[in-house]
Amino acid sequence: MNQTEQKKFFSHHLLEWYMQNKRDLPWRRHRNPYYIWVSEIMLQQTRVDTVIPYFNRFIERFPTVEDLADAPEQDVLKCWEGLGYYSRARNLQAAAKQVKELHGGQVPDDKAAVFALKGVGPYTAGAVLSIAFNKPEPAVDGNVMRVLSRYFLIEDDIMKASTRSFMEGLVVELIPEGRASDFNQALMELGALVCTPKSPHCLTCPVMEHCAARLEGVEESLPVKTKAKPPRPEHRVVALVEGSGEHAGKVLIRQRPQEGLLARMWELPHVQVPQSRSGRIPDEPAMDIAIGSLLEEGIAARPEGYMMDAEHTFSHIHWNLQVYRCREEFMPVAAETRAAYEAVAAVPESTATEYRWIAEEDMALYAFPNVFLKILREYFKSLPATP
DNA sequence: AAGTCGGGGCA
DNA sequence: TGCCCAGACTT
């Protein structure tokens with residue numbers, strides 16, 4: 001069998017398999033370009049089962065591009081809470097504003113316009129154009145590269161940009177006339193259900209008999225991929241400050257900076273501590289550091305004791321968190337101290353860190369990264385029930 | 001080209 | 001517990 005026949009076989013049998021085996025997914029129930037766009041952004045780095053409930057809530061809350069464009073950013077982040085990579089949510093809303101202003105609220109169907117949307121790169125542009133508009137554009141994600149690297153025995157490193165370009169050219173050749181939407185979805189569906197990263201289910205694969213990697217017995221060692229660097233460890237001390245007086249029953253939270261890691265989300269106050277050789281630092285100095293960092297923000301508190309450890313792994317950082325319960329103290333000079341500090345530091349209102357006291361029910365109003373959600377839930381669960 | 005940016009599933 | 005998954009943006 002020559003290469004042309006191998007390609008024809010692949011396209012034909014993969015498409016037939018997909019039409020019989022495709023999953024019933026919320027964004028496949030209508031051909032609504034907005035639904036498809038939202039789903040593709042959510043599906044970046046994220047598995048289908050995780051995305052489904054988020055997608056349903058998101059569409060219920062923001063049914064149209066205009067609803068998303070006009071919403072407060074915090075509402076959008078709250079809807080994304082726990083899904084990760086929050087720049088996706090911020091970019092998606094910025095792009096919704098672009099679509100509203102430039103395209104009358106209709107997701108554009110031409111390549112340049114789709115590609116110009118914030119958060120839309122080569123993969124997502126191809127996915128929207130092909131899945132929503134049936135345009136013969138490649139949509140090459142990790143699933144597609146895994147499937148193609150095995151079937152055609154491509155041993156180039158899939159982390160290289162040149163490899164993705166090559167795969168895009170290959171996909172364009174493979175798309176059957178007029179079937180871009182189903183074919184691109186078929187490629188990804190095969191990667192997700194059959195041609196899995198570890199122990200692929202070759203015996204149920206519709207194209208196994210001409211899969212080059214399978215014929216060579218090397219399917220498990222493809223695709224070739226450089227390993228990511230391990231995340232660097234960081235130790236942090238977290239203060240869970242319980243309010244006193246008018247803040248009784250509430251805890252102190254703050255908003256993260258406008259840019260960078262977890263931008264504009266909310267968190268418990270915490271401070272990084274130097275790496276100690278033994279790993280965690282003893283409770284006494286840890287609590288001193290926590291209290292000291294709060295005082296610098298004009299918040300007086302006394303330590304009450306150790307609460308819990310928590311861990312959180314980002315792609316490039318691993319947080320080791322030591323959480324301590326603290327109690328707000330009344331310190332009449334605190335306000336003056338803070339005023340004096342802010343005068344000296346000349347902190348502009350817009351860049352000063354925002355602190356708030358919140359009760360359990362207020363958690364619904366603020367978007368937290370999972371690790372702080374976990375700590376807060378643990379804390380409120382531990383409280384004696386209030387009648 | 002290399003670093004930044006989350007979170008979950010699995011053995 | 002450790003390993004795997006990997007798309008867009010920034011520098």
Side-chain angles (χ1 to χ4, degrees), chain A residues 37-54 77-95 98 114-128 137-149 156-165 167-168 184 188 191-193 195-201 220-234 256-267 279 309-321 367-375:
Chain A
W37 175 29
V38 170
S39 73
E40 289 300 336
I41 298 295
M42 287 186 172
L43 286 164
Q44 291 168 7
Q45 331 289 301
T46 313
R47 43 200 331 123
V48 165
D49 290 345
T50 305
V51 165
I52 289 172
Y54 281 92
L77 285 176
K78 187 65 189 177
C79 240
W80 212 272
E81 182 184 71
L83 198 53
Y85 284 114
Y86 299 97
S87 65
R88 295 184 297 173
R90 299 189 302 266
N91 286 337
L92 180 59
Q93 195 192 16
Q98 287 178 276
V114 173
F115 204 82
L117 298 174
K118 275 207 162 197
V120 175
Y123 164 72
T124 309
V128 170
E137 295 288 336
V140 175
D141 70 349
N143 288 310
V144 173
M145 288 198 281
R146 187 170 58 253
V147 169
L148 296 180
S149 70
D156 302 318
D157 184 346
I158 62 166
M159 295 304 279
K160 289 170 64 178
S162 57
T163 305
R164 203 203 61 221
S165 297
M167 301 260 188
E168 286 172 347
N184 276 345
M188 293 186 272
L193 300 180
C195 198
T196 46
K198 281 186 284 190
S199 45
H201 310 105
E220 294 256 25
S221 56
L222 287 174
V224 173
K225 187 173 177 239
T226 56
K227 284 200 206 312
K229 281 192 350 182
R232 63 174 184 271
E234 281 184 10
R256 291 189 56 87
Q258 294 296 303
E259 307 293 336
L261 185 69
L262 303 167
R264 306 197 279 281
M265 302 213 23
W266 293 77
E267 64 180 8
D309 276 15
E311 287 186 49
H312 195 65
T313 307
F314 304 89
S315 304
H316 57 308
I317 306 171
H318 180 85
W319 277 356
N320 293 290
L321 304 179
F368 297 96
N370 263 358
V371 66
F372 294 110
L373 221 41
K374 187 179 153 195
I375 296 167

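Convention: sequence-line order gives letters A, B, ...; per-chain numbering from 1. Computed over heavy atoms, backbone and side chain alike; hydrogens, waters and symmetry mates excluded.
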- A/K225 vs C/dC4: side-chain N/O to OP1/OP2 distance below 4.0 Å: no
- Using only heavy-atom distances, determine whether the side chains of A/R88 and A/T46 contain a donor-acceptor pair under 3.5 Å. yes
- Message: If the cut-off is 4.0 Å, is A/T50 near the phosphate of B/dG7, judged by side-chain N/O to OP1 or OP2?
- Response: no
- Item | Donor-acceptor pair, side chain of A/E220 and main chain of A/S199, under 3.5 angstrom | yes
- Position toward the 5' end of DNA chain C (nearest nucleotide), A/K118 or A/P197: A/P197
- Message: Given C/dC9, B/dG8, B/dT4, identify the nucleotide with an atom nearest to the side chain of A/R232.
- Response: B/dT4
- Return no unless some side-chain N or O of A/H312 is found under 4.0 Å from OP1 or OP2 of B/dG7. yes
- In terms of side-chain heavy atoms of A/R47, which of C/dC5, B/dG9, B/dG7 is nearest? B/dG9
- Message: Strictly below 4.0 Å: does A/Y85 bring a side-chain N or O up to OP1 or OP2 of C/dC9?
- Response: no
- Message: If the test is side-chain hydrogen bond (donor to acceptor under 3.5 Å, both in side chains), which one of A/E311, A/E234, A/H312 qualifies with A/H318?
- Response: A/E311
- When you measure from the side chain of A/L261, which nucleotide among C/dC4, C/dA8, B/dG6 comes out closest? B/dG6
- Query: Among B/dC5, C/dA6, B/dG7, which is the nearest nucleotide to the side chain of A/H316?
  - Reply: B/dC5
- Task: Mind checking A/L262 for me? I need base, sugar-phosphate or nothing, with any heavy atom below 4.0 Å counting as a touch.
- Result: sugar-phosphate
- Between C/dA6 and B/dA2 - C1' atom distance, rounded Å: 15 Å
- When we call it a touch if two heavy atoms are under 4.0 Å apart, what does A/D49 touch: a base, just sugar-phosphate, or nothing? nothing
- Message: It should be established whether A/R146 places a side-chain nitrogen or oxygen under 4.0 Å from OP1 or OP2 of nucleotide C/dA6.
- Response: yes
- Message: Judged by each residue's nearest nucleotide on DNA chain C, which is more toward the 5′ side, A/E311 or A/S315?
- Response: A/E311
- Task: Determine the interatomic distance between C1' on C/dA8 and the same-named atom on B/dG9; round to the nearest Å.
- Result: 23 Å
- Among A/P369, A/S87, A/P257, find the one that has a side-chain contact (heavy atoms from CB on, under 4.5 Å) with A/L262. A/P369
- Query: With a 4.0 Å cut-off on heavy atoms, is A/K160 in touch with a base, just the backbone sugar-phosphate, or nothing at all?
  - Reply: nothing
- Respond yes when some side-chain nitrogen or oxygen of A/K227 is under 4.0 Å from OP1 or OP2 of C/dC4, and no when none is. yes
- Query: When you measure from the side chain of A/Y123, which nucleotide among C/dC5, C/dA8, B/dG6 comes out closest?
  - Reply: C/dA8
- Task: Verify the distance criterion only: is there a donor paired with an acceptor across the side chains of A/Q44 and A/Y123 at less than 3.5 Å?
- Result: no
- Message: When the P atoms of C/dC4 and B/dG6 are compared, how many Å lie between them, rounded to an integer?
- Response: 22 Å
- Message: Under 4.0 Å, heavy atoms only, any strand: does A/A263 hit a base, just the sugar-phosphate, or nothing?
- Response: nothing
- Message: Using only atom types and a distance under 3.5 Å, with no angle test, would you say the side chain of A/R264 pairs donor to acceptor with the backbone of A/Q258?
- Response: yes
- Phosphate OP1/OP2 of B/dG8: any A/N370 side-chain N/O under 4.0 Å: yes
- Message: Whole angstroms only, please: what is the CD1-P distance between A/I158 and C/dC4?
- Response: 13 Å
- Note on the structure: 5'-most contact on DNA chain B (nearest-nucleotide basis), A/A161 vs A/F368, goes to A/A161
